[in-house]
Each structure stands twice: as C-alpha cells, then as structure tokens.
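For reference, the structure is listed below as structure tokens.
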Amino acid sequence: MEVEIATIGGYEEVGRQMTAVRAGDDVVIFDMGLNLSKVLIHDNVETERMHSLDLIDMGAIPDDRVMSDIEGDVQAIVPTHGHLDHIGAISKLAHRYSAPIVATPFTIELVKQQIQSEEKFGVQNDLIKMDPGETMPIGDKCELEFVNVTHSIIDAINPVLHTPEGAVVYGLDKRMDHNPVIGDPIDMKRFREIGREGVLCYIEDCTNAGKKGKTPSESVARAQLKDVMYSLEDYDGGIVATTFSSHIARVKSLVEFAENIGRQPVLLGRSMEKYSGTAERLDFIDFPSDLGMYGHRKSVDRTFKRIMNEGKEDYLPVVTGHQGEPRAMLTRMARGETPYELDKGDKVIFSARVIPEPTNEGQRYQAEKLLGMQGARIYDDIHVSGHLNQEGHYQMIDALQPKNIIPAHQDMKGFSPYVDLVRNEGYELGRDLHVTQNGNIIQLTE
C-alpha cells in the first residue's frame, strides 16, 4: 500500500497545524489550526468574517491547496485537542471535504462553538465524538485509534492511523505527566504496544527539544501556585491572576487556592467563560456553585465595579491576557480602561509563560511595563510546559521505534535541536529523518 504524508501547516512556524496522511485511497487529515500571531499584528481583525483565501494569504491558516495533488478521499478530519493552533481553521476549511470531524468530547464541543461563530462559510461536516482508547475504521484496510496523552488542555489525544504498512503516529502536542491534576496519565503502555506492532512514521512536536531533562508534571505547577498564593494570604490589597483560558487544570487550582486564602474567585473574559463553562457543562470539572464567569464586556465591567465597591481584598479576578493580547482583560486593566484600579503593591500572578514568538513577546513586555507603571508587582512564569523536553522525546522514540520520523510544530531553527537528538538515536537526514516544509508531500512507501 502506498503511504504518503502531506505536511500542510505547522512545518515552518508554531501554529496553523495541518497534516494529511494518505494510505492507499484513504486520507485522514490531522488538525486544522490558526496562527494567531498573524492575526494579532492587524488591528480589529475578525477572522469569522474573513474569507479563507485572505487568511491563507496572511499566513493565518494552512494553505491546503496541496490537497489537490493527493489521490484519495478524505475519510476523517481529526483535531488532536482544542487549542486554536489545532482547531482554529476548521470553520474555514472543513467544508471543502466530505468527511466527518472526529475528536474527543471536549474538543468536539469547542469545534462546534468555532463553527457556530463562523459567518462566511456553512460547515455541515458531521461531528463524531470518540474517547481515548477507542478506534474507528478508515476505509477497508485502515483503522484510526486515539491514545490518551497529557497536555495543557483537557481531553487531548495522539491519533494513530494503523495501515497494512505500519502505524502512523501523529505526536502533537503532549508532555509525559504521570500525575495530572485532571484526567488520566499519558498512556505509555499503549504507545509501547504500538511500537511492538510496528510504526511506519512518527510525526513529533519539537517545541522543547532543546530543553534538557523531563517536563515537570502539572502537579508541580499546582504546588508552585499554592506556595505563591498562600504567601499572600495576609495581603490586604488587590491580587489578580492570569493564565491560559483553555488550561482548565490551572484554573481549577487558582479557584481552589483563592477560596483557601479567603478570596472569592471570579473568571473574567470571553475565552475564560467559554473554556471553563464548557468544561463544567461536560462534567470534566465541578466548580463551586457560586463561581462567577463573565465574558461580555458590560458584565465584566459590572463585576469590576462590584469588586471595587466591596473591597479588592476579598476577591481574586482570574482574567484573560497572559500574553498581553491588546483586547484582553489584563491589558485593559493595565491601560486603566476598566473600573478595577490597580494600586501600588497590588500583585499580578502570571501562571503562564510567554509563547516564544516575537508578537507575543512584544505584547507581553508592553503589558508588564504598563502594569508596573501603575505600581503592580508581578509574579512571573508560575507554569510548566505542555510539551516534551528532551527525556520525553527519547522515551517516545524508545517506545515507538519508528521507521521514519518527521519533525513538526516549529521553524527550521526550532527543528535543529530535535534533529540532533534524533540523529543521536541513529536516524539520518534524507533517509529516515525527514525535515520538511509546508506544502510538501513525503512518500513513505510505494
């Protein structure tokens, strides 16, 4: 059976992931993501109102025109998890393919919300929920499997396409967390079984390939956050926290620790309300019944007024804006555009790292400077990554023993540490290690 890989997006940048695997006459697409930084550099861009070709020209979504060179029928579109760099282009591209979107329950719900907000295209693809550990047939000879992984969002999986030539393992995005705050540990037992069955190709996220050691567990970030927040128990001024809205485990920790130090947590910002509200509705988490979640700007400002009237010392606002995004809550607070007044000595907890990309780094720098000008004191980078460090990469290669490896989720500079690591394991560039770019097709078997 012929097996080929189309590397469509995410092979020259961090963002807009999209990969297609053809096995015989059957094709599976993994991810359809957005490169948010390409949107943020433009003022007041509303992607839901834009045409896909304009977004492709901006470099914001994958250029999927290479799919016309692939001979086969798309049987499934499979997003690995609910981050926008993996699902953000589904509402712009999925309607081109007569195939269902197959994902875990939380991811499907987020995809549904993306589609509902779309104003340019009518996306009618069927939505199919599949849990980790389950499988579904792809054509007559292949099978799709979901393997549970741990990441900085709940309900993440690595999909595996089993073909007669061996398995194709799509390895974006994960860390080896054996003690997660929410959900089950990474299923290394199943990865080792798949390795013994035979892996034709492993496509891997290279984000932290230059970092030594093992990525810490989310339980480590929880302990760090607990230490910081308990140290502020006697502080009688304002404390504000920000983290990734999609990081439900981190939001859970913030809510718990706020209550433990006598403060009322409240979640503010559209994406904060969206992700946490969805997780609670699907029973992934049980928040306190009186936890407020407000996304609409007027509701947020009313909440800020209430906090100022009743006393900042009694509340912990958990807000959007950890990357300094111009329209996010924390950035508005830093500019003095909300009723919440920051005073000298007030604490701002960043339970997130800066995404290593120039737009984000510049915006975060500006937000921190504005907060500092108002007298705020910043607690920085109380966080652990959602991606594998070097030891995790070695463990995955050892478990899977793949015949071929394709680095992904980076640019050429970002690939180089992973290339060095893989070469140490005996792989050779141009033979079984394939460094590629967007728009290329790699023939694995003929």
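All values below were derived from every heavy atom in this structure, side-chain atoms included, with hydrogens, water molecules and symmetry-related copies excluded. Note that this is a predicted model, so its numbers are computed, not measured.
Between Y11 and T19, the side chains place a donor N or O and an acceptor N or O closer than 3.5 Å (distance only, hydrogens not considered). A donor and an acceptor atom, one from each side chain of Y97 and D64, are located under 3.5 Å apart. D26 and Q75 are linked by a side-chain donor-acceptor pair at a separation below 3.5 angstrom, with hydrogens and angles left out of the test. Side-chain contact of N179 with S217: a donor-acceptor pair under 3.5 Å is absent, judged by distance alone. Side-chain polar atoms of D432 and N404 form no donor-acceptor pair below 3.5 angstrom. The closest side-chain donor-acceptor pair between H247 and S152, if any, does not fall under 3.5 angstrom.
Minimum interatomic distance between V251 and S245 (heavy atoms only, all atoms of both residues): CG2-O, 4.4 Å. When every heavy atom of I307 is checked against every heavy atom of P317, the shortest pair comes out as CD1-CG, 4.1 Å. The nearest pair of heavy atoms linking T215 to N389 is OG1-N, 2.8 Å. Residues L161 and V21 come closest through the heavy atom pair CD2-CG1, 3.8 Å. The shortest non-hydrogen separation linking P105 to L282 is O-CD1, 3.9 Å. Counting all heavy atoms, side chain and backbone alike, A76 lies closest to I138 at CB-CD1, 4.2 Å.
With sequence neighbours left out, the side chain to side chain contact (heavy atoms under 4.5 Å, CB included) criterion links R270 to H296. Every residue was checked against the salt bridge (charged side-chain N to carboxylate O under 4.0 Å, His left out) condition with D187, not counting sequence neighbours, and none meets it. Contacts of R190 classified as side-chain hydrogen bond (donor to acceptor under 3.5 Å, both in side chains), with partners at least two apart in sequence or in another chain: E145, E193, E197. In this structure H81 satisfies the ring-ring contact (aromatic ring centres under 6.0 Å, His included) test together with H83, H86, H151, sequence neighbours excluded. Take R353 and apply the salt bridge (charged side-chain N to carboxylate O under 4.0 Å, His left out) test, not counting sequence neighbours, and it matches no residue. Applying the salt bridge (charged side-chain N to carboxylate O under 4.0 Å, His left out) rule to K112 yields the partners E109; only residues at least two apart in sequence or on another chain are considered. Residues satisfying the side chain to side chain contact (heavy atoms under 4.5 Å, CB included) criterion with A89, sequence neighbours excluded, are M32, I61, P62, L93. Take E361 and apply the side chain to side chain contact (heavy atoms under 4.5 Å, CB included) test, not counting sequence neighbours, and it matches V354, P356. Under the salt bridge (charged side-chain N to carboxylate O under 4.0 Å, His left out) criterion, D177 pairs with R175, sequence neighbours left out.
Checked by atom type and distance alone, the side chain of K214 pairs as donor or acceptor with a backbone atom of M176 at under 3.5 Å. Formation of a donor-acceptor pair under 3.5 Å by the T331 side chain with backbone atoms of E325 is found in this model. A side-chain donor-acceptor contact under 3.5 Å links D411 to the backbone of G414. In terms of modelled atom types and a separation under 3.5 Å, the side chain of T107 and the main chain of A103 share no donor-acceptor contact.
Remark: E2 engages R22 in a salt bridge, criterion side-chain N to carboxylate O under 4.0 Å. With respect to E259 and R263, no salt bridge is recorded, no charged nitrogen being found less than 4.0 Å from a carboxylate O. A salt bridge links D343 with K312: at least one charged nitrogen is closer than 4.0 Å to a carboxylate oxygen.
Below 30°, between 30° and 60°, or above 60°: for F284 and F106 the angle between ring planes is above 60°, a perpendicular geometry.
Residue pairs meeting the side chain to side chain donor-acceptor pair (under 3.5 Å) criterion with at least one member in residues 435-446, sequence neighbours excluded, are T7-T436, E13-N438, T436-N440. Applying the ring-ring contact (aromatic ring centres under 6.0 Å, His included) test to pairs two or more places apart or on separate chains, those with a residue in residues 168-201 are F30-Y170.
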What's the verdict on side-chain hydrogen bond (donor to acceptor under 3.5 Å, both in side chains) for E204 and Y202, showing C-alpha distance, side-chain angles and the deciding distance?
CA-CA 6 Å; E204 179 56 289; Y202 180 42; 2.2 Å; yes
The test is side-chain hydrogen bond (donor to acceptor under 3.5 Å, both in side chains); show your working for N208 and S385 and say whether it passes.
CA-CA 9 Å; N208 287 346; S385 175; 2.8 Å; yes
Show the atom names and distances, to 0.1 Å, of all donor-acceptor pairs under 3.5 Å that link a side chain in residues 224-233 to residues at least two apart or in another chain.
from, atom 1, to, atom 2, distance (Å)
Y230, OH, N260, ND2, 2.9
S231, OG, V228, O, 2.5

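Considering R250, E218, H322 as possible partners of H383, the one that fulfils the side chain to side chain donor-acceptor pair (under 3.5 Å) test is R250.
In this structure, M333 and V319 have side chains that are in contact, with non-hydrogen atoms separated by less than 4.5 Å.
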